Amino acid sequence: MSSANQLSLIEAVRAISSGRLTSEALLASCLERIDERETQVGAWRHLDRANAEASARHPGAGPLCGIPVGIKDLIDTVDMPTGYGSPIYSDHFPCRDAACVSELRNAGAILLGKTVSTEFAYFQPGKTANPQDLKRTPGGSSSGSAAAVADFHVPAALGTQTAGSIIRPASFCGVVGYKPSYGLLPLTGIRALAPSMDHLGTLTRTVEDAGFLAAILGRRPELDIQSEDDDWVPKIGFCETPQWQQAEPSTQALLRDAAQSLRSAGAVVQEFNLPEEFSDLGEAHQLAMDYEVSVTGLFEVTNHADQVSARFRERFAAGQATATRDYDSALQKAQRARAALTMAMDAASSGCDVLICPSAPGEAPEGLDATGDPVFNRIWTFSGVPCINVPGLKGPNNLPVGLQVVGRFGDDTRLLKAARWIHNQLG
């Protein structure tokens with residue numbers, strides 16, 4: 001067995017269930033790694049070491065049977081501070097757990113702590129560095145969750161996405177990031193940024209882990225694909241998206257090479273052109289997101305302007321200047337795009353189970369003062385379709401470059417099965 005902290009989520013569950021590993025030993029291994037690396041990586045806003053160790057001595061009997069998990073600082077926890085990435089809430093203790101936290105507790109998980117989030121899950125970064133290269137951003141807004149999983153602090157963590165906040169940090173850090181179909185997982189108790197496009201999701205090291213954890217969070221056993229046939233080969237659409245020219249040339253080459261590798265492994269891979277409804281959906285997403293931020297951020301900007309970042313105030317002001325009719329039009333575009341994508345995938349010459357496209361323009365950018373560009377995530381988040389980052393590709397600096405797998409709205413089980421097959425082929 002490798003070091004306990006390096007086990008995947010399902011590997012750890014099986015090891016504990018079989019008696020080959022104890023929850024105490026797993027937690028101790030994770031804490032040892034955190035003690036070694038946290039001052040450099042900065043993945044955690046709050047560590048609840050004492051309560052975690054007490055829980056590990058008497059772990060719950062649920063499917064997560066004493067597994068330590070990280071919780072993004074955007075998600076309410078009654079026994080740990082929840083700061084939403086803002087100094088305004090530095091000493092804030094919610095009066096109840098978020099629904100997803102309650103599900104984790106009921107499943108026997110150990111809540112090890114709160115992972116760093118950008119300010120209100122928007123663009124102002126926190127302290128976290130990319131564990132693959134400490135001079136580079138880990139992405140955002142689920143910065144700490146992606147870094148904690150990538151650096152073997154915990155086998156799994158929760159994240160959220162409103163633009164690219166799961167897929168992009170997963171790409172930059174080299175882990176699996178799963179953003180389910182809109183509304184599939186509960187948002188109760190998660191600080192809203194833009195409610196019509198906020199998603200709860202997972203950061204793990206394998207696709208099966210992502211499905212297993214999401215099945216627990218959403219009470220959706222169909223997402224747990226462990227028993228599903230892994231010899232099934234998906235039909236894949238290679239989708240450049242309208243943003244293709246914003247990918248680095250090395251990323252374009254990597255994606256085309258990956259498509260050829262999948263073709264050689266037996267998949268039908270065909271060129272796929274998005275419907276016209278997606279042509280300006282990225283711009284519509286930014287407009288609608290700003291509009292909703294001007295609603296959800298009104299209290300903080302009005303009452304604590306000196307503690308709100310200039311970046312947040314800028315997007316807030318843009319939202320306040322947006323006409324309601326333009327916002328309504330943007331939402332209608334997203335609904336039309338969702339329906340058009342299903343029709344186009346069904347109508348493709350060989351049919352398409354999933355699409356593949358970039359997760360991000362390239363490797364994680366240098367510097368910690370920004371979190372990278374969500375240009376390859378906006379259209380999928382706004383249309384609400386499920387997507388997942390599959391790691392395995394390396395850029396010119398030998399750093400992770402993610403491949404994004406996209407499915408039809410509500411077709412998450414097929415997405416997960418296809419992503420598992422793709423991950424197996426790309427290694």
Side-chain angles (χ1 to χ4, degrees), residues 45 72-75 82-90 92 116-128 137-143 159-169 182 187 190-199 242-243 246 279-335 337 360-361 365 367-384:
R45 191 235 169 188
K72 185 177 180 179
D73 192 32
L74 204 71
I75 301 171
T82 303
Y84 313 128
S86 168
I88 298 170
Y89 296 98
S90 58
H92 172 58
V116 171
S117 169
T118 62
E119 178 193 36
F120 303 125
Y122 219 3
F123 291 134
Q124 183 66 26
K127 65 179 180 178
T128 311
T137 178
S141 62
S142 304
S143 318
T160 64
Q161 177 160 312
T162 308
S165 294
I166 292 172
I167 301 298
R168 189 169 78 263
Y182 178 74
L187 290 170
I190 300 176
R191 204 267 186 195
L193 180 65
S196 71
M197 57 201 88
D198 289 342
H199 295 69
Q243 294 77 34
Q246 297 185 60
S279 61
D280 61 350
L281 195 61
E283 293 80 5
H285 169 271
Q286 180 68 76
L287 181 149
M289 187 174 178
D290 286 344
Y291 183 93
E292 294 189 17
V293 164
S294 74
V295 176
T296 61
L298 183 59
F299 171 81
E300 289 81 7
V301 173
T302 301
N303 295 282
H304 301 279
D306 59 330
Q307 294 180 281
V308 176
S309 72
R311 291 180 184 181
F312 191 87
R313 294 197 305 271
E314 176 187 352
R315 301 320 314 167
F316 177 91
Q320 285 203 313
T322 299
T324 302
R325 63 179 179 276
D326 294 333
Y327 166 68
D328 291 342
S329 176
L331 294 183
Q332 291 163 9
K333 285 182 181 180
Q335 292 295 321
L368 302 182
D369 58 347
T371 61
D373 192 341
V375 62
F376 285 102
N377 315 123
R378 291 184 182 278
I379 59 175
W380 311 123
T381 305
F382 199 27
S383 56

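We number each residue from 1, following the sequence as shown. All values below were derived from every heavy atom in this structure, side-chain atoms included, with hydrogens, water molecules and symmetry-related copies excluded. None of these values were measured; they are calculated from a predicted model.
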### Task
Report the residue from Lys72, Glu119, Gln124 that forms a side-chain hydrogen bond (donor to acceptor under 3.5 Å, both in side chains) with Ser141.
Lys72
### Query
Looking only at atom types and distance, does a side-chain atom of Ser90 sit under 3.5 Å from a main-chain N or O of Ser86, one as donor and one as acceptor?
no
#### Entry: Verdict with supporting geometry, Thr381 and Ile167, side-chain contact (heavy atoms from CB on, under 4.5 Å)
CA-CA 10 Å; Thr381 305; Ile167 301 298; over 6 Å; no
### Task
Please round to the nearest 0.5 Å and tell me the distance separating atom NE2 of His199 and atom CD1 of Ile190.
11.5 Å
### Message
Treating Asp73 as the side-chain partner and Val116 as the backbone partner, does any N or O pair qualify as donor plus acceptor under 3.5 Å?
### Response
no
### Residues that Thr162 engages under side chain to side chain contact (heavy atoms under 4.5 Å, CB included), provided they are two or more places apart
Leu193, Ala194, Met197, Asp198, Met289
### Task
With rounding to the nearest 0.5 Å, note down the distance linking CZ in Arg45 to OG in Ser117.
10.5 Å
### Task
With sequence neighbours left out, write down each residue that passes ring-ring contact (aromatic ring centres under 6.0 Å, His included) with His304, or none if nothing qualifies.
Phe299
## Note on the structure
Taken in chain and number order and not counting sequence neighbours, the residues that satisfy salt bridge (charged side-chain N to carboxylate O under 4.0 Å, His left out) with Glu300 are Arg191
### Query
Do any pairs count as a salt bridge (Lys or Arg N to Asp or Glu O under 4.0 Å) and have a residue in residues 311-326, sequence neighbours left out, and if so which ones?
Asp290-Arg315
### Query
Can you name the side chain to side chain donor-acceptor pair (under 3.5 Å) partners of Thr371, sequence neighbours left out?
Arg168
### Query
Residues in side chain to side chain contact (heavy atoms under 4.5 Å, CB included) with Thr302, at least two apart?
Leu298
### Query
Looking at side-chain heavy atoms only, is the closest gap between Gln246 and Pro361 below 4.5 Å?
no
#### Entry: Close side-chain approach of Thr160 to Leu187, heavy-atom, < 4.5 Å
no
## Note on the structure
Between Ala284 and Ala330, the two heavy atoms sitting closest are O-CB, 3.7 Å
### Query
Which atom names give the shortest non-hydrogen contact between Ala192 and Pro195, and what distance separates them?
CB-CG, 4.0 Å
Side-chain donor-acceptor pairs under 3.5 Å in residues 373-380, sequence neighbours left out?
from: Asp373; atom 1: OD1; to: Val375; atom 2: N; distance (Å): 3.0
from: Asn377; atom 1: ND2; to: Ser359; atom 2: O; distance (Å): 3.0
from: Arg378; atom 1: NH1; to: His285; atom 2: ND1; distance (Å): 2.8
from: Arg378; atom 1: NH1; to: Gln286; atom 2: OE1; distance (Å): 3.3
from: Arg378; atom 1: NH2; to: Gln286; atom 2: OE1; distance (Å): 2.6

### Query
Listed by chain and number, what are the ring-ring contact (aromatic ring centres under 6.0 Å, His included) partners of Phe123, not counting sequence neighbours?
none
### Counterpart residues, ring-ring contact (aromatic ring centres under 6.0 Å, His included), relative to Phe120 (two or more places apart)
Phe312
### For Thr128 against Pro138, the heavy-atom pair lying closest together
O-CD, 3.3 Å
#### Entry: Minimum-distance pair of heavy atoms, taken over all atoms of Pro125 and Thr118
CA-CG2, 3.9 Å
### Query
Mind checking what makes ring-ring contact (aromatic ring centres under 6.0 Å, His included) contact with Tyr291, not counting sequence neighbours?
Tyr327
### Task
Using the test salt bridge (charged side-chain N to carboxylate O under 4.0 Å, His left out), find all partners of Asp328 that sit at least two apart in sequence or belong to another chain.
none
### Query
Okay, side chain of Ser142, backbone of Ser165: is any donor-acceptor separation there less than 3.5 Å?
yes
### side chain to side chain donor-acceptor pair (under 3.5 Å) partners of Ser196, counting only residues at least two apart
Glu292
